[in-house]
Amino acid sequence: MADEALVVIDLQNDFCPGGALAVTGGDEIVPLVNDLIRRADHVVLTQDWHPAGHSSFAFSHPGAQPFTMIDMPYGPQTLWPDHCIQGSLGSDFHSGLAWTKAELVVRKGFRPDIDSYSAFFENDHTTPTGLAGYLRERGIDTLTLVGLATDFCVGFSALDAVSQGFKTTVRLDACRGIDLNGSLDAMLQRMREAGVALEDSLTD
Ligand code: VGL
Ligand code: ZN
């Protein structure tokens with residue numbers, strides 16, 4: 001339908017096996033995502049897009065280890081290995097992704113001092129990316145989200161999509177998670193409570 005869009009989150013080399021922040025099975029979803037792209041009327045992609053030395057990288061904080069937490073002015077922040085550095089091979093979309101049909105690519109995480117998981121807001125939950133306005137101006141009110149990672153960028157995008165008034169479905173069979181200290185179950189629960197429709201191929 002003309003008022004629906006598929007949003008493909010961060011299907012980039014660094015989140016696939018062999019990448020700097022590999023999500024287990026991240027590349028397995030590519031064929032299904034391509035199928036959903038073929039069937040979609042509108043396609044939006046997001047691209048994690050960090051400057052070197054980004055504040056979400058553990059290496060930017062002397063002595064800090066990846067996958068630990070620190071307090072940032074905007075709240076707690078997980079520290080990650082360096083990943084998705086602007087223009088690097090790791091920041092490219094997976095080479096098998098059928099991205100040409102995409103009408104918009106939203107880049108996020110480009111501000112040095114703040115991370116951005118969600119496609120809609122940075123991690124302060126107030127700085128917008130512009131995506132909500134773009135979709136509204138185009139009359140799109142219904143979203144299907146797929147991509148990486150279920151418990152971070154997909155999940156926070158879905159929560160913000162609902163809070164911005166979009167009817168939101170996450171296709172779990174076209175997502176894979178990082179699952180850090182129970183983060184996957186926690187995010188599935190948060191999405192359910194927020195009113196995100198969680199679907200997989202069995203319920204399609
Ligand atoms: C993501 C951690 C850091 C994601 C991005 O795409 O889920 N996770 N940057
Ligand atoms: Zn990132």
Side-chain angles (χ1 to χ4, degrees), residues 6-30 33 44-61 64-70 72 74-94 97 99 102 105-125 127 129 131 143 145-161 168 170-172 174-188 190-191 196:
L6 178 72
V7 184
V8 181
I9 305 286
D10 298 1
L11 199 22
Q12 294 164 261
N13 290 327
D14 269 345
F15 298 122
C16 291
L21 180 39
V23 180
T24 306
D27 55 341
E28 295 169 4
I29 65 174
V30 171
V33 170
V44 171
L45 308 179
T46 69
Q47 192 171 24
D48 211 39
W49 195 249
H50 300 304
H54 190 257
S55 58
S56 74
F57 297 166
F59 276 153
S60 308
H61 305 268
Q65 293 301 310
F67 307 108
T68 61
M69 307 278 296
I70 55 158
M72 296 287 268
Y74 54 83
Q77 169 71 48
T78 302
L79 294 177
W80 304 104
D82 286 18
H83 65 279
C84 294
I85 293 176
Q86 296 169 354
S88 66
L89 258 177
S91 73
D92 281 353
F93 293 116
H94 184 285
L97 180 67
W99 53 264
V105 178
V106 179
R107 288 181 170 155
K108 59 185 182 60
F110 52 77
R111 288 188 177 82
D113 297 331
I114 184 166
D115 204 6
S116 188
Y117 294 149
S118 164
F120 293 93
F121 292 99
E122 311 215 0
N123 286 8
D124 60 1
H125 305 295
T127 306
T129 63
L131 179 58
L143 304 178
L145 273 61
V146 300
L148 305 171
T150 319
D151 39 348
F152 288 92
C153 290
V154 176
F156 285 105
S157 297
L159 294 174
D160 283 345
T168 307
V170 170
R171 278 284 301 252
L172 291 174
C175 297
R176 291 291 183 274
I178 295 175
D179 203 12
L180 200 58
N181 305 316
S183 57
L184 188 53
D185 278 346
M187 182 54 83
L188 292 173
R190 279 182 78 175
M191 288 195 283
V196 177

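Just follow the structure's listing: the first ligand is 1, and inside any ligand the first atom is 1.
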- Task: Go through ligand 1 atom by atom and flag the ones less than 4.0 Å from a non-hydrogen atom of D48.
- Result: 5 (C), 9 (N)
- The answer for which part of I9 has a heavy atom under 4.0 Å from ligand 1 is neither
- Can you list the ligand 1 atoms lying under 4.0 Å from a non-hydrogen atom of H83? 3 (C), 9 (N)
- Task: Taking the six-membered ring for Trp and the full ring for Phe, Tyr or His, determine whether the centres of F57 and H83 are under 6.0 Å apart.
- Result: yes
- Task: Determine yes or no for a side-chain-to-main-chain donor-acceptor pair under 3.5 angstrom, with H50 supplying the side chain and R111 the backbone.
- Result: no
- Message: Suppose we measure from atom 4 (C) of ligand 1 to each protein heavy atom; which comes out shortest, and what is that distance?
- Response: C153 SG, 2.8 Å
- Message: Show me which atoms of ligand 1 lie under 4.0 Å from any heavy atom of D10.
- Response: 4 (C), 6 (O)
- Would D48 count as a contact for the Zn ion (ligand 2), in the sense that one of its N, O or S atoms lies under 2.8 Å from it? yes
- Touching ligand 1 at all, Q12? Heavy atoms, strictly under 4.0 Å? no
- Message: Please list, in number order, the atoms of ligand 1 under 4.0 Å from a heavy atom of A149.
- Response: 4 (C), 6 (O), 7 (O)
- Y74 ring center near H125 ring center (under 6.0 Å): no
- Task: Flag the pair P66 / L21 as yes when at least one side-chain heavy-atom distance between them is below 4.5 Å, and no otherwise.
- Result: no
- Query: In terms of heavy-atom contacts, does CD1 of I70 have more than 12 from other residues, nucleotides or ligands at under 6.0 Å?
  - Reply: yes
- Message: Do T46 and S157 make a side-chain contact, defined as non-hydrogen atoms from C-beta onward lying under 4.5 Å apart?
- Response: no
- Take the Zn ion (ligand 2) as the vertex and measure to NE2 of H50 and NE2 of H83; round to 10°. 90°
- Would you tell me whether N123 and Q77 have side-chain atoms, one donor and one acceptor, within less than 3.5 Å of each other? yes
